[in-house]
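Each remark here refers to the structure printed beneath this line.
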Amino acid sequence: MRVFLGDDGVAVLLLDRPEKKNALTRAQWEALPELLTRLEQEPGLRVLLLTGTGGAFSAGADIGELAGVYASPEAADEYHAVNVAAESALAAFPHPTLAVVDGPCVGGGCQLAVACDLRFAASGARFGITPAKLGIVYPAVPTARLARLVGPARAKYLLYSAELVTADQALVFGLVDEVAPEGQSVQERALAFARVLASRSAQTQGAVKDVVDAVVTGGDAQAAVAPWERASRTTPDVREGLAAFLERRAPRF
């Protein structure tokens with residue numbers, strides 16, 4: 001994995017094993033939470049894009065490792081715990097996260113995409129979650145996250161069948177939020193959108209993320225928004241936003 005930090009507030013986290021269609025090794029799963037913790041501390045970082053190299057997002061977990069993983073119940077439990085920790089760290093990242101999907105987005109790769117706030121896809125992208133082809137039982141965390149995103153029936157459709165779906169089908173399912181038209185670069189479109197997000201109030205976005213996450217997980221939305229509301233009374237975002245509107249200029253958050 002590689003990280004690129006731009007001076008526009010946008011960081012790119014690149015899955016970079018093109019010879020394996022960016023299949024994720026256990027070492028990469030293990031490294032992801034610490035990497036995200038370091039990125040949280042980057043001054044000026046406002047938006048995180050997650051994407052892959054070589055015309056693929058990710059083919060999922062490295063199948064070559066799985067025979068060893070499932071050699072014993074203990075090894076399988078440890079691997080799933082590492083996997084869930086990585087996904088959970090991505091979902092908890094405090095800034096907006098956007099998966100930028102080109103080519104296959106399968107298995108653990110789709111798990112990471114679902115853990116992002118938003119997903120943009122190229123017209124040729126393909127999505128699938130394939131444990132039923134291997135006899136693997138997915139942990140509760142990614143299964144529940146998928147069901148909250150696309151609904152129970154479509155989650156069962158994807159998990160029962162292990163079939164790949166097109167970007168347009170994924171859009172209908174609610175698995176992706178935008179599909180770039182054929183001939184348009186999804187990376188360019190996603191970067192342009194990320195720069196829009198980076199120009200908006202981080203205070204508003206942080207509150208939205210916490211409240212929406214509380215709503216979809218059955219948490220206390222009022223408790224989630226309360227600290228943000230208190231902070232907004234004294235931090236400069238509201239004053240700057242109102243001043244910019246009245247002065248007919250872009251706000252400087």
With clusters defined by side-chain heavy atoms of hydrophobic residues (ILVMFWY) lying less than 4.5 Å apart, directly or transitively, does [Y] cluster with [X]?
X: Leu146; Y: Val101; answer: yes
X: Leu45; Y: Val3; answer: yes
X: Tyr70; Y: Leu134; answer: yes

Check this for me: [X], atom [atom1], are more than 12 non-hydrogen atoms of other residues, nucleotides or ligands nearer than 6.0 Å?
X: Phe4; atom1: CZ; result: yes
X: Phe253; atom1: CZ; result: yes
X: Gln184; atom1: CD; result: yes
X: Lys21; atom1: NZ; result: no
X: Glu182; atom1: CD; result: no

Would you compute the distance between atom [atom1] of [X] and atom [atom2] of [Y] and round it to the nearest 0.5 angstrom?
X: Asn22; Y: Cys105; atom1: CG; atom2: SG; value: 10.5 Å
X: Glu30; Y: Leu35; atom1: CD; atom2: CG; value: 13.5 Å
X: Leu98; Y: Leu48; atom1: CG; atom2: CG; value: 9.0 Å
X: Leu118; Y: Leu50; atom1: CG; atom2: CG; value: 12.5 Å
X: Thr143; Y: Gln111; atom1: OG1; atom2: CD; value: 8.5 Å
X: Ser161; Y: Lys133; atom1: OG; atom2: NZ; value: 8.5 Å

Subject >> Ring-ring centroid check Phe127 Phe173, cutoff 6.0 Å >> reply: no
**OP:** Please assess Met1 against Leu14 for the test side-chain contact (heavy atoms from CB on, under 4.5 Å), listing each intermediate value before the final yes or no.
**Re:** CA-CA 5 Å; Met1 290 183 288; Leu14 193 64; over 6 Å; no
Just so I know, are the side chains of [X] and [Y] near enough to count as touching, which here means a heavy-atom distance under 4.5 Å?
X: Arg252; Y: Pro236; result: no
X: Val100; Y: Leu191; result: no
X: Leu36; Y: Leu90; result: yes

Original post:
Between Val179 and Val176, which heavy-atom pair has the shortest distance, and what is it?
Top reply: CG2-CG2, 4.0 Å
Subject >> Heavy-atom pair of closest approach, residues Ala162 and Ala132 >> reply: CB-CB, 4.2 Å
Side chains of [Y] and [X]: any donor to acceptor distance under 3.5 Å?
X: Gln28; Y: Asp62; answer: no
X: Gln205; Y: Arg46; answer: yes
X: Thr53; Y: Asp16; answer: yes

**OP:** Report the C-alpha distance between Ile136 and His80 in whole Å, list the side-chain angles of each, state the deciding distance to 0.1 Å, and finish with yes or no for side-chain contact (heavy atoms from CB on, under 4.5 Å).
**Re:** CA-CA 11 Å; Ile136 292 171; His80 280 286; 4.2 Å; yes
Which pairs of donor and acceptor atoms, one on a side chain in residues 219-228, lie under 3.5 Å apart (sequence neighbours left out)?
{"from": "Asp220", "atom 1": "OD1", "to": "Gln222", "atom 2": "N", "distance (Å)": "3.1"}
{"from": "Asp220", "atom 1": "OD1", "to": "Ala223", "atom 2": "N", "distance (Å)": "3.0"}
{"from": "Trp228", "atom 1": "NE1", "to": "Asp210", "atom 2": "OD2", "distance (Å)": "2.9"}

Looking only at atom types and distance, does a side-chain atom of [X] sit under 3.5 Å from a main-chain N or O of [Y], one as donor and one as acceptor?
X: Arg233; Y: Glu229; answer: yes
X: Asp117; Y: Thr97; answer: yes
X: Glu240; Y: Pro251; answer: no
X: Lys20; Y: Ala59; answer: no
X: Lys209; Y: His95; answer: yes
X: Glu65; Y: Arg26; answer: yes
X: Ser201; Y: Gln203; answer: yes
X: Arg119; Y: Leu175; answer: yes

**OP:** Identify whether the distance between the nearest side-chain nitrogen and carboxylate oxygen of Arg38 and Glu34 falls below 4.0 Å.
**Re:** yes
Subject >> Leu24/Leu112 under side-chain contact (heavy atoms from CB on, under 4.5 Å): CA gap, chis, key distance, verdict >> reply: CA-CA 11 Å; Leu24 294 152; Leu112 289 181; 3.7 Å; yes
**OP:** Walk me through it: do Leu39 and Phe93 pass the test side-chain contact (heavy atoms from CB on, under 4.5 Å)?
**Re:** CA-CA 9 Å; Leu39 281 172; Phe93 194 73; 4.0 Å; yes
Original post:
Partners of Phe120 by ring pair (Phe, Tyr, Trp, His ring centres under 6.0 Å), sequence neighbours excluded?
Top reply: Phe193
